[in-house]
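Okay, structure first, notes after.
Computed from a prediction, not measured in an experiment: that's the story for all the values here.
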Amino acid sequence: MSRSLLRRFTANPITARRIANYRANRRGYWSTWIFLLLFGLSLIAEFIANDKPLFIRYDGEAYFPVFKTYTETQFGGEFDAEAAYDDPYIQDLINEKGWMLWPPIPWSYDTIDYEAGGAPPHPPSARHWLGTDDQGRDVMARVIYGFRISVLFGLLLTLFSSLIGVAAGAVQGYFGGRVDLFGQRFIEIWQGLPVLYLLIIMSAAITPGFFSLLILMILFSWTALVGVVRAEFLRARNFDYVRAAKALGVPDRTIMYRHVLPNAMVATISFMPFILSGAVATLTSLDFLGFGLPPGSPSLGELLNQGKNNLQAPWLGITAFVVLAIMLSLLVFIGEAVRDAFDPRKSLV
């Protein structure tokens with residue numbers, strides 16, 4: 001069933017042309033696969049960088065510390081608390097009757113290495129591939145977790161702000177008149193507000209968190225697509241098929257959703273990768289200023305701030321810069337490929 005649907009989808013000449021145009025942009029095409037690979041690896045960050053073993057075989061039984069919490073007494077210890085697997089005493093107890101399988105990076109984003117020697121930050125070594133930050137936490141682990149948070153935050157922000165923006169632009173463009181007039185005046189005032197300063201003030205007034213920060217940023221980012229969608233609906237509202245649907249008594253919401261919205265979605269989808277890159281950059285800026293995610297969260301902006309405050313540790317700033325440069329460049333290249341795919345002037349098929 002899925003194969004037949006895929007054949008029908010690709011058999012559409014318009015869809016085939018868009019796929020061909022997307023693949024023709026080699027830079028954007030390969031950027032898509034690289035970004036998906038990096039994002040996919042970050043989604044399983046707990047299996048790549050963690051201070052808990054992936055698997056333990058002890059006394060003939062299997063344990064999975066990544067999914068479940070085990071006490072020290074279950075491995076022959078003395079305390080009825082969660083086992084500290086980096087403790088040599090616990091490791092010896094487990095190795096006496098079994099073995100452990102560790103992830104490639106035996107550090108989580110919040111693990112402090114007290115045995116690294118010397119004062120942090122520590123330079124890159126075999127123990128810490130990208131060194132440690134000023135609190136002795138592994139930079140590689142924080143980059144992997146920070147990449148995941150940044151992309152997930154940007155995707156959620158892009159999704160919800162696009163839904164609100166498309167709905168607002170559709171209502172304005174379809175009904176026009178006073179609805180469009182008052183809507184445009186409100187958006188002009190809303191866009192004129194100093195967004196960054198308001199976000200800083202609100203972040204200082206409430207306890208920062210992932211979802212609270214997401215809601216605050218949605219309040220000021222939903223206007224990005226209003227103008228594009230509004231223009232498409234203003235243009236399509238006078239088409240013959242729209243007038244015919246109105247004459248037949250088709251409800252306005254059905255006309256907007258079924259007949260006009262597909263035309264507006266072409267421009268909307270083309271803008272989404274650029275909105276995503278802007279969302280990631282905004283989150284990084286807030287984290288850099290200290291008004292973003294809660295302290296201790298794996299954040300690329302916080303890593304940039306550490307690089308600024310620790311010029312004697314250049315690996316901090318260089319790592320954050322390289323990761324952000326690669327991430328944003330991939331998103332921009334993907335956006336260019338999507339734009340080419342939906343460009344009606346390109347006809348490779």
For this session: Could you pull out all residues at least two apart from Tyr109 that satisfy ring-ring contact (aromatic ring centres under 6.0 Å, His included)?
Result: Tyr145

Exercise. Can you tell which of Leu43, Val143, Leu38, Leu41 makes a side-chain contact (heavy atoms from CB on, under 4.5 Å) with Arg148?
Worked result: Leu43

For this session: Please list, chain by chain and in numerical order, all residues satisfying side-chain hydrogen bond (donor to acceptor under 3.5 Å, both in side chains) with Ser299, sequence neighbours excluded.
Result: Asp287

For this session: Kindly work out whether a path of hydrophobic side-chain contacts (I/L/V/M/F/W/Y, heavy atoms less than 4.5 Å apart) joins Ile326 to Trp33.
Result: yes

Exercise. Which residue pairs pass the salt bridge (charged side-chain N to carboxylate O under 4.0 Å, His left out) test when at least one of the two sits in residues 128-140, sequence neighbours left out?
Worked result: Asp133-Arg137, Asp133-Arg142, Arg137-Glu302

For this session: Check Phe55, Tyr70, Tyr58 against Phe64 for a ring pair (Phe, Tyr, Trp, His ring centres under 6.0 Å) and give me the one that passes.
Result: Phe55

For this session: For residues Phe333 and Tyr29, establish whether the separation of their ring centroids is below 6.0 Å.
Result: no

Exercise. Given the rule that I, L, V, M, F, W and Y join up when any side-chain heavy atoms are under 4.5 Å apart, are Phe321 and Leu286 in one cluster?
Worked result: yes

Exercise. For Asp86, which residues count as a side-chain hydrogen bond (donor to acceptor under 3.5 Å, both in side chains) partner, sequence neighbours excluded?
Worked result: none

Exercise. Do we get Lys246 above Tyr174's six-membered ring, with its NZ or CZ under 6.0 Å from the centre and within 45° of the axis?
Worked result: yes

For this session: Please identify each residue that fulfils side-chain contact (heavy atoms from CB on, under 4.5 Å) with Phe210, with sequence neighbours left out.
Result: Ile149, Phe153, Leu156, Leu293

Exercise. Is there a donor in the side chain of Tyr63 and an acceptor in the side chain of Glu61, or the other way round, less than 3.5 Å apart?
Worked result: yes

Seminar exercise, completed: Across all chains, not counting sequence neighbours, the ring-ring contact (aromatic ring centres under 6.0 Å, His included) partners of Phe160 are none

For this session: Please check if the side chain of Ser212 supplies one atom and the backbone of Gly209 the other of a donor-acceptor pair under 3.5 Å.
Result: yes

